[in-house]
Amino acid sequence: MSRDRRRLSLLTNVNDRNGGSHGRPRRIAAAPLTCLLLWQCGGAAFAEPLAGTGGELKQLSVEELMNVKVTSVAKEPQKLLQAAASIQVITSEDIRRSGATSIPEALRLADNLQVARINAHDWAISARGFNANLANKLLVLIDGRAVYTPLYGGVLWDVEDYLLEDIDRIEVISGPGGTLWGANAVNGVINIVTKAATDTQGPYAFGGGGNEPRAQAGARYGAELAPDVSLRVYGKYTNYGDEVMGTGANAEDSWHMGRGGFRLDAQSSPQDRFTLQGDLYNGTEDNGGNGDAGRSGGNILGRWTHTRTDGASMSLQLYYDHTQLSQPFAASPANPPFYGGFPAASLTDSLDTYDLDFQYHFAWGVRQQLTWGLGYRATHEADFDLSVVRFSPPVLDQALYSGFLQDEILLAPSVYLTLGSKLEHNDYTGYEAEPSAHLQWNVDSRQLLWAAVSRAVRTPSRYDHDLLVPSGLINPPPPFQFPATYLQGNPGFKSETLIAYEAGYRATLGPKLTASVSTFYNDYHDLRSTTATPTTATYIFPYPIFFQNNLEGDTYGLELSTSYQVLDWWRLHAGYDLLRENIHVKPGEPDATGATNETADPQQQVALRSSMDLPRGVTLDAALRWVDTLHINNGPAGGAVVGTVPSYFGLDSTLAWHVNKRLELSIAGQNLLHEYHVEYGFPSPTRELIVRSVFARITWGY
């Protein structure tokens with residue numbers, strides 16, 4: 001039974017009873033670590049796709065889109081209009097009409113995200129600030145599988161992709177989600193939900209090319225193996241070209257990736273459903289003259305859901321995920337008299353993840369809905385060829401135990417109070433609690449008011465805790481003493497914490513107009529800092545630099561989104577984000593960059609989108625965005641040196657012709673206003689510019 005039907009039942013019972021950059025060193029303290037991580041070395045969800053939504057969203061009006069079911073806010077289906085959070089949904093039709101060729105490109109459709117392209121393969125994506133290609137306060141899930149890496153707590157966006165036609169929707173929450181999703185769901189949650197195999201029957205194929213990406217092709221075939229048993233298999237290949245550096249030189253960062261996978265859905269009875277799915281991928285990225293970086297891996301996931309006749313439901317999910325990254329480094333020649341240099345090397349990181357998650361929903365009396373769950377995650381991570389960037393110990397096994405309980409209480413007709421908390425135990429900081437309280441009032445069937453207070457944490461990554469970057473210095477003759485280590489993690493690094501206060505309003509203001517507005521105030525403590533103290537520094541060189549928790553501060557802002565159906569064939573959408581940040585060093589504590597090293601975010605963003613259905617099967621879509629100036633730090637090596645990324649306008653547009661029911665021809669242009677422009681990175685000759693691109697595609701399928 002859905003959450004909305006349960007609420008109707010509860011309300012009825014109560015009434016009855018009562019009688020009613022490439023080359024961007026901003027957040028990295030050492031050049032070798034920049035090579036590794038800035039070049040993108042680089043509880044689980046049970047978000048079942050809802051039957052029938054995949055192919056029907058294109059016919060929905062803006063009013064009906066408010067009734068699309070989402071699962072990320074409550075871990076069970078509920079209407080978007082009744083979800084008490086700052087959430088936006090990117091539908092399958094939105095993705096198709098945008099001309100996006102990757103998941104990061106599709107995420108530009110969410111007004112409540114900051115999305116910036118750094119180079120050909122790296123992206124900086126976050127919500128409500130703290131953005132970077134090492135952003136570590138945003139949790140991303142694909143069909144319930146968490147895809148952040150414990151290496152630095154972020155997402156490898158060049159690795160995470162899918163056949164976009166088979167994505168049902170992307171739910172984007174800005175704001176903490178730790179009560180349900182656990183650590184790292186600090187500033188937001190992105191939940192990518194793919195279509196059930198039953199909704200992707202028959203053949204589908206596409207192919208295209210342009211200057212960026214140079215070539216892309218994909219195919220999928222779905223079939224019914226038996227009554228109530230469906231299977232699909234897919235493959236996708238993408239080849240991206242080089243971007244350009246600020247000097248006009250070729251950035252030599254082209255890359256290609258191939259991937260394939262399957263999904264099987266079976267319904268053995270009206271109460272029981274089973275899903276089995278998996279993916280494999282392999283690709284390489286040009287690393288200039290240093291050789292190619294490698295990206296490969298695979299995953300397999302099984303999920304069983306059971307619904308009882310009284311409306312209670314349970315889910316059990318298990319997955320295994322393997323990733324392998326290799327990052328080459330050029331040889332570093334000796335510089336006498338004190339430098340020893342490094343030989344050429346390639347750091348390899350291998351990660352195996354095993355995750356088990358169970359959850360149960362049930363009604364407790366006539367006024368309460370309870371959800372509880374238990375989870376266990378084990379990881380095995382091994383790092384090899386540790387001559388330049390090291391992690392100590394090189395091989396690490398970790399375990400994460402978790403449990404959560406959430407209680408939704410009907411206080412009065414259409415007024416709900418939701419209380420809950422997640423309790424996790426990790427090997428670095430022990431127990432972490434993430435409670436929250438949400439109050440919502442469904443003013444009527446078209447309006448929602450909500451407010452929330454939450455606690456969320458970002459637990460340490462290997463980067464924070466185990467990193468060891470040698471300085472390349474050798475011991476000179478007395479009286480000089482130079483350190484062997486340039487940058488190192490801190491075994492005493494604590495979890496970063498957030499107390500968030502939010503309020504919002506979402507409404508269908510008429511058959512043609514919808515609007516959503518959210519405000520927030522975030523109070524952060526124990527944020528990551530970089531410190532060289534007199535007890536660790538030696539003589540001339542202020543090394544080694546340690547990670548500590550010497551920063552704190554607050555952010556606040558506003559998120560506004562609205563859609564208007566101008567005519568039956570023309571829809572407009574607008575979004576506006578305001579973000580103000582005040583991050584500072586704790587009184588009496590040091591920080592190498594004066595608290596400028598953790599944020600590089602636009603103060604304002606504006607998005608305007610237009611979608612037109614023209615005669616003879618032609619559609620025209622355009623998206624204009626304005627991004628405010630970024631203030632970005634040069635990292636500890638340069639001290640508190642702040643540069644800027646200028647504000648810019650970006651225009652993307654897609655023209656498509658539906659020749660017939662099965663065949664579509666389209667041409668998409670991105671960044672059409674500029675031949676080149678920069679979106680991220682500290683000003684330097686090696687900062688990369690994003691090129692204007694045109695991509696033509698032919699699509700055929702049922």
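What's counted below: heavy atoms across the whole structure, side chains too, no hydrogens, waters or symmetry copies.
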**OP:** Check whether any side-chain heavy atom of Ser653 lies under 4.5 Å from a side-chain heavy atom of Leu620, and answer yes or no.
**Re:** yes
**OP:** Please confirm whether the backbone N or O of Val70 pairs with a side-chain atom of Arg169, one donor and one acceptor, at under 3.5 Å?
**Re:** no
Subject >> Taking every non-hydrogen atom, the tightest pair across Asp242 and Ser254 >> reply: OD1-N, 2.7 Å
Original post:
Is Glu165 paired with Arg96 through a side-chain N to carboxylate O contact shorter than 4.0 Å?
Top reply: no
Original post:
If only atom types and distance count, is the side chain of Trp255 paired as donor or acceptor with the main-chain N or O of Ala120 below 3.5 Å?
Top reply: yes
Original post:
Are Glu502 and Arg128 ion-paired here, with the side-chain N under 4.0 Å from a carboxylate O?
Top reply: yes
Original post:
With side chains defined as the heavy atoms from C-beta onward, is the minimum distance between Ile690 and Tyr676 less than 4.5 Å?
Top reply: no
Using atom types as modelled, flag every donor-acceptor pair under 3.5 Å from a side chain in residues 575-583 to any protein atom, sequence neighbours excluded.
unit_1, atom_1, unit_2, atom_2, d
Tyr576, OH, Gln604, OE1, 2.7
Arg580, NE, Gln603, OE1, 3.4

Original post:
Donor-acceptor pair, Thr562 side chain versus Thr514 backbone, under 3.5 Å?
Top reply: yes
Original post:
Under 30°, 30 to 60°, or over 60°: which ring-plane class applies to Tyr648 and His677, parallel, tilted or perpendicular?
Top reply: tilted
**OP:** Could you give me the CA-CA distance, side-chain angles and deciding distance for Phe130 and Tyr524, then say whether ring-ring contact (aromatic ring centres under 6.0 Å, His included) is met?
**Re:** CA-CA 11 Å; Phe130 295 89; Tyr524 295 93; 4.8 Å; yes
**OP:** Scan side-chain atoms only and decide if Asn633 and Thr596 contain a donor-acceptor pair under the 3.5 Å cut-off.
**Re:** yes
Original post:
Rounded to the nearest 0.5 Å, what separation is found between the OG atom of Ser563 and the CG atom of Leu572?
Top reply: 9.0 Å
Original post:
Between Leu689 and Val691, does a side-chain contact (heavy atoms from CB on, under 4.5 Å) hold up when you go through it step by step?
Top reply: CA-CA 6 Å; Leu689 309 178; Val691 66; over 6 Å; no
Original post:
Got Leu80 and Asn67 here, is their nearest side-chain heavy-atom distance under 4.5 Å?
Top reply: no
Subject >> Crowding at CH2, Trp570 (>12 non-hydrogen neighbours, <6.0 Å) >> reply: no
**OP:** Before accepting this row, confirm whether a basic side-chain N of the pair Arg528/Glu496 lies closer than 4.0 Å to the acidic partner's carboxylate O.
**Re:** no
Original post:
Got a donor-acceptor contact below 3.5 angstrom from the Asn211 side chain to the Val694 backbone?
Top reply: yes
Original post:
Does the side chain of Arg697 reach to within under 4.5 Å of the side chain of Gln216, using non-hydrogen atoms?
Top reply: yes
Original post:
Is there a donor-acceptor contact under 3.5 Å from the side chain of Gln605 to the main chain of Leu113?
Top reply: yes
Original post:
Would you find a donor on one side and an acceptor on the other, under 3.5 Å apart, between the side chain of Ser174 and the backbone of Gly188?
Top reply: no
Original post:
What's the shortest heavy-atom distance between Asp253 and Gly241, and which atoms?
Top reply: OD1-O, 4.4 Å
Subject >> All side-chain hydrogen bond (donor to acceptor under 3.5 Å, both in side chains) counterparts of Asp292, not counting sequence neighbours >> reply: none
Original post:
How long is the span from the CG atom in Leu608 to the CH2 atom in Trp626, to the nearest 0.5 Å?
Top reply: 12.0 Å
Subject >> Derivation and outcome, side-chain contact (heavy atoms from CB on, under 4.5 Å), residues Asp168 and Thr194 >> reply: CA-CA 5 Å; Asp168 182 72; Thr194 67; 5.9 Å; no
Original post:
Considering residues at least two apart in sequence or located in another chain, which fulfil the salt bridge (charged side-chain N to carboxylate O under 4.0 Å, His left out) criterion with Arg117?
Top reply: Glu105
Original post:
salt bridge (Lys or Arg N to Asp or Glu O under 4.0 Å): which pairs involve residues 667-685, sequence neighbours left out?
Top reply: Arg108-Glu679, Arg625-Glu679
Original post:
Within a strict 4.5 Å, meaning less than it, do heavy atoms of the Ile95 and Ile90 side chains meet?
Top reply: yes
Subject >> Rounded distance [0.5 Å steps], OH in Tyr556 versus CG in Asn522 >> reply: 12.5 Å
Original post:
With sequence neighbours left out, what residues match Gln88 under side chain to side chain contact (heavy atoms under 4.5 Å, CB included)?
Top reply: Asp111, Asn112, Ser561
Original post:
When rounded to the nearest 0.5 angstrom, what is the spacing between CG in Asp143 and CD1 in Ile167?
Top reply: 9.0 Å
Subject >> side-chain contact (heavy atoms from CB on, under 4.5 Å) assessment of Arg692 paired with Gln670 >> reply: CA-CA 6 Å; Arg692 176 192 295 143; Gln670 295 186 345; over 6 Å; no
Original post:
Looking only at heavy atoms, which two atoms of Pro646 and Arg687 are closest? And how far apart?
Top reply: CD-NH2, 4.4 Å
Original post:
At their closest point, which heavy atom of Phe520 faces which heavy atom of Leu558, and how far apart are they?
Top reply: CE2-N, 4.0 Å
Original post:
Is any side-chain heavy atom of Lys69 less than 4.5 Å from a side-chain heavy atom of Thr71?
Top reply: no
Original post:
Counting only N and O atoms by type, is there a donor-acceptor contact under 3.5 Å from the side chain of Arg458 to the main-chain atoms of Ala185?
Top reply: no
Original post:
Does His674 reach the main-chain N or O of Phe649 with its side chain, forming a donor-acceptor pair under 3.5 Å?
Top reply: yes
Subject >> Side-chain donor-acceptor contact under 3.5 Å, Ser72 with Glu171 >> reply: yes
Original post:
Which heavy atom in Phe682 sits nearest to a heavy atom in Gly643, and how many Å separate them?
Top reply: CE1-N, 3.3 Å
Original post:
Do Thr599 side-chain atoms and Asp601 backbone N/O form a donor-acceptor pair below 3.5 Å?
Top reply: no
Original post:
Is there side-chain contact between Leu614 and Trp569, with heavy atoms separated by less than 4.5 Å?
Top reply: yes
Original post:
Pick from Val115, Ile118, Val155: which one makes a side chain to side chain contact (heavy atoms under 4.5 Å, CB included) with Trp123?
Top reply: Val115
Subject >> Lys236 with Asp166: basic N within carboxylate O range, under 4.0 Å >> reply: no
**OP:** Check step by step if side-chain contact (heavy atoms from CB on, under 4.5 Å) holds for Arg506 and Gln82.
**Re:** CA-CA 8 Å; Arg506 184 178 296 114; Gln82 296 179 345; over 6 Å; no
Subject >> side-chain hydrogen bond (donor to acceptor under 3.5 Å, both in side chains) assessment of Gln114 paired with Ser126 >> reply: CA-CA 5 Å; Gln114 290 89 46; Ser126 188; 4.8 Å; no
Original post:
If you round to the nearest 0.5 Å, how far is OH of Tyr162 from CD1 of Ile142?
Top reply: 9.0 Å
Original post:
Rounded to the nearest 0.5 Å, what separation is found between the OH atom of Tyr564 and the OG atom of Ser610?
Top reply: 13.5 Å
Original post:
salt bridge (charged side-chain N to carboxylate O under 4.0 Å, His left out) with Glu212: which residues, sequence neighbours excluded?
Top reply: none
Subject >> Asn191 and Val140, any side-chain heavy atoms less than 4.5 Å apart >> reply: no
Original post:
Do Arg259 and Asp279 meet the salt-bridge criterion of a basic N to acidic O distance under 4.0 Å?
Top reply: no
**OP:** Compare every heavy atom of Ser611 with every heavy atom of Asp621, then report the nearest pair and how far apart it is.
**Re:** OD2-OG, 2.7 Å
Original post:
Parallel, tilted or perpendicular: which describes the rings of Tyr521 and Tyr501, with under 30° parallel and over 60° perpendicular?
Top reply: tilted
Subject >> Main-chain N/O of Leu156 paired to Arg295 side chain as donor or acceptor, under 3.5 Å >> reply: no
